[in-house]
There are 2 protein chains.
Amino acid sequence: MPSAKRDHLVETALRLFYRDGFHATGIDTILREAGVAKMTLYNHFRSKDELILAALELRDERFRAWLDAAIAPYPDDPREQILAIFDAAETLFQQDDFNGCAFTRACGEFRDPECSIHQAGMRHVCMLTDFLEDLAASAGAGDPESLARQLALLFVGASAAAQVTCSCGPAHCGRCAAATLIDASVVAHSSSRSSTSN
Amino acid sequence: MPSAKRDHLVETALRLFYRDGFHATGIDTILREAGVAKMTLYNHFRSKDELILAALELRDERFRAWLDAAIAPYPDDPREQILAIFDAAETLFQQDDFNGCAFTRACGEFRDPECSIHQAGMRHVCMLTDFLEDLAASAGAGDPESLARQLALLFVGASAAAQVTCSCGPAHCGRCAAATLIDASVVAHSSSRSSTSN
DNA sequence: TTGGAAATAGACAGACCGGTCTAGCTGTTC
DNA sequence: GAACAGCTAGACCGGTCTGTCTATTTCCAA
């Protein structure tokens with residue numbers, strides 16, 4: 001059972017890793033900022049890498065909650081739910097502390113696919129794609145899996161582009177592209193179902 | 001006028017920064033790998049950051065040449081030229097040394113928008129978007145600027161997703177999405193031109 | 001009150017970091 | 001042969017890095 005000190009440490013670690021980068025943020029900086037002793041860190045984690053992993057897991061939980069909150073206003077409209085994710089991204093990208101996608105950045109700094117940090121990034125992208133696939137299927141997409149992958153690319157690209165350009169424009173741009181892709185997939189599915197039902 | 005030693009140093013720096021990350025790669029590692037003396041580095045560059053910048057500039061030049069080579073086989077078909085970029089990306093993403101987009105990763109590690117390294121990333125993404133805009137206009141897109149931004153998002157997203165998942169699948173996925181977006185934009189433009197000419 | 005878990009507070013070790021400096025070598029041009 | 005540009009080869013500096021260790025303190029439940 002995690003302790004309050006542990007949770008606070010992970011919270012602070014996430015904030016600093018996300019702001020400054022994983023390699024650029026040292027243990028001493030995190031401990032100073034969290035007001036936690038080094039022995040406490042090494043009681044809870046075997047290494048800095050394990051702290052990074054815990055921080056990414058916290059980030060993933062937060063992101064899932066954010067996704068659920070983003071689609072909540074449209075419980076019966078999967079197309080709107082998908083677009084609402086990009087709308088919520090536009091708000092997210094405008095926040096002062098926004099600094100791109102923690103997972104793609106973690107994978108950029110930890111290249112080895114066998115590395116548990118890189119694997120956390122893989123799992124996160126899979127989670128996002130699965131989430132979008134459910135919505136795509138509900139929206140009547142002809143090929144929900146393909147549409148979901150495309151939407152995931154758009155989301156990841158929008159996040160990265162927003163971080164590079166320091167603008168929230170990519171979210172709106174991604175939303176427009178998503179709408180086009182969804183409609184193209186749904187129309188194609190409806191047309192093929194009309195043909196076969198005749 | 002750059003010297004052979006300087007060019008070799010930048011070449012080696014680019015390779016190591018791209019493989020291992022900017023903060024994770026130290027000066028001594030680069031010098032050892034390049035067989036160049038520290039004094040030589042500091043004769044040519046005022047700091048590590050300047051070396052990083054030179055490495056990114058070299059990368060940008062290489063990327064522009066790669067873009068030109070990717071579209072060369074289809075001199076008269078802008079739609080195919082755009083799609084060929086994603087085809088070429090599929091090949092690129094399968095190379096052993098592929099490790100995502102150097103520019104979005106640089107921006108991830110150097111967050112400050114005033115920082116010249118981050119600005120190099122901004123310029124690069126603008127260059128790609130401009131490149132795609134020319135092709136989009138030639139392909140008859142109704143709104144070439146918007147289409148170009150969407151295609152840039154797809155490309156950036158595909159690059160990041162390929163690095164995270166260690167797969168070239170995102171390139172193909174991006175290609176499919178690009179085709180849909182191009183056709184949607186061109187058809188919309190043709191329809192609006194037909195209406196106004198009647 | 002006591003015992004134990006959890007946390008604190010550094011010191012310490014060994015390694016690495018970016019950058020400065022000195023002395024010397026090599027190759028080229030005049 | 002001399003002068004000079006470019007480069008080599010580290011030593012050195014002050015700092016940071018991750019992780020280990022010891023001694024001590026704090027808090028809480030029994």
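Model, not experiment: these values are computed from the prediction. Throughout, a chain's letter reflects where its sequence line sits, starting with A, and its residues are numbered from 1. These numbers come from the heavy atoms of this one structure, side chains and all, not from hydrogens, waters or symmetry mates.
- Atom pair A:Leu41:CG and C:dA6:P shows a separation of 16 Å (rounding to whole Å applied).
- The cationic group of B:Arg59 does not satisfy the cation-pi geometry with B:Phe103, failing either the under 6.0 Å distance to the six-membered ring centre or the 45° limit from the ring axis.
- Here D:dC17 is the nucleotide among D:dC17, C:dG19, D:dT20 with the atom lying nearest to any side-chain atom of A:Thr29.
- Using a 4.0 Å cut-off, some side-chain N or O of A:Thr40 falls inside it from OP1 or OP2 of C:dT8.
- Proximity note for A:Met39 (side chain, C-beta onward) versus D:dA9, C:dG19, C:dT8: the nearest is C:dT8.
- Rounding to whole angstrom units, NZ of residue B:Lys48 and C1' of C:dG19 are separated by 12 Å.
- Whole-Å rounding puts the A:Asn43 CG to C:dA9 C1' distance at 14 Å.
- Distance NE2 (B:His23) to P (C:dG18): 9 Å, rounded to an integer number of Å.
- One side chain, A:His23 or A:Glu109, offers a donor N or O that lies under 3.5 Å from an acceptor on the other.
- Each of B:Lys5 and A:Lys38 was matched to the nucleotide of DNA chain D holding its nearest heavy atom; the match closer to the 5' end belongs to B:Lys5.
- Separating the CZ atom of A:Arg46 from the C1' atom of D:dT18 is a distance of 16 Å, rounded to the nearest angstrom.
- Within 6.0 Å of CZ in B:Arg105 there are more than 12 heavy atoms belonging to other residues, nucleotides or ligands.
- OP1 and OP2 of C:dG18 both lie 4.0 Å or more from every side-chain N or O belonging to B:Ser47.
- Rounded to an integer number of Å, the gap from B:Leu16 CG to C:dG18 P is 12 Å.
- Between the side chains of A:His124 and A:Asp60, a donor-acceptor pair is found at a separation under 3.5 Å.
- Aromatic ring orientation, B:Phe155 versus B:Phe86: perpendicular (interplanar angle above 60°, classes split at 30° and 60°).
- Taking atom CZ of A:Arg32 as the reference point, atom C1' of D:dC17 lies 12 Å away to the nearest angstrom.
- At whole-Å resolution of the value, CG in B:Asp49 and P in C:dC17 are 15 Å apart.
- Side-chain N/O atoms of B:His44 include one lying less than 4.0 angstrom from OP1 or OP2 on D:dC7.
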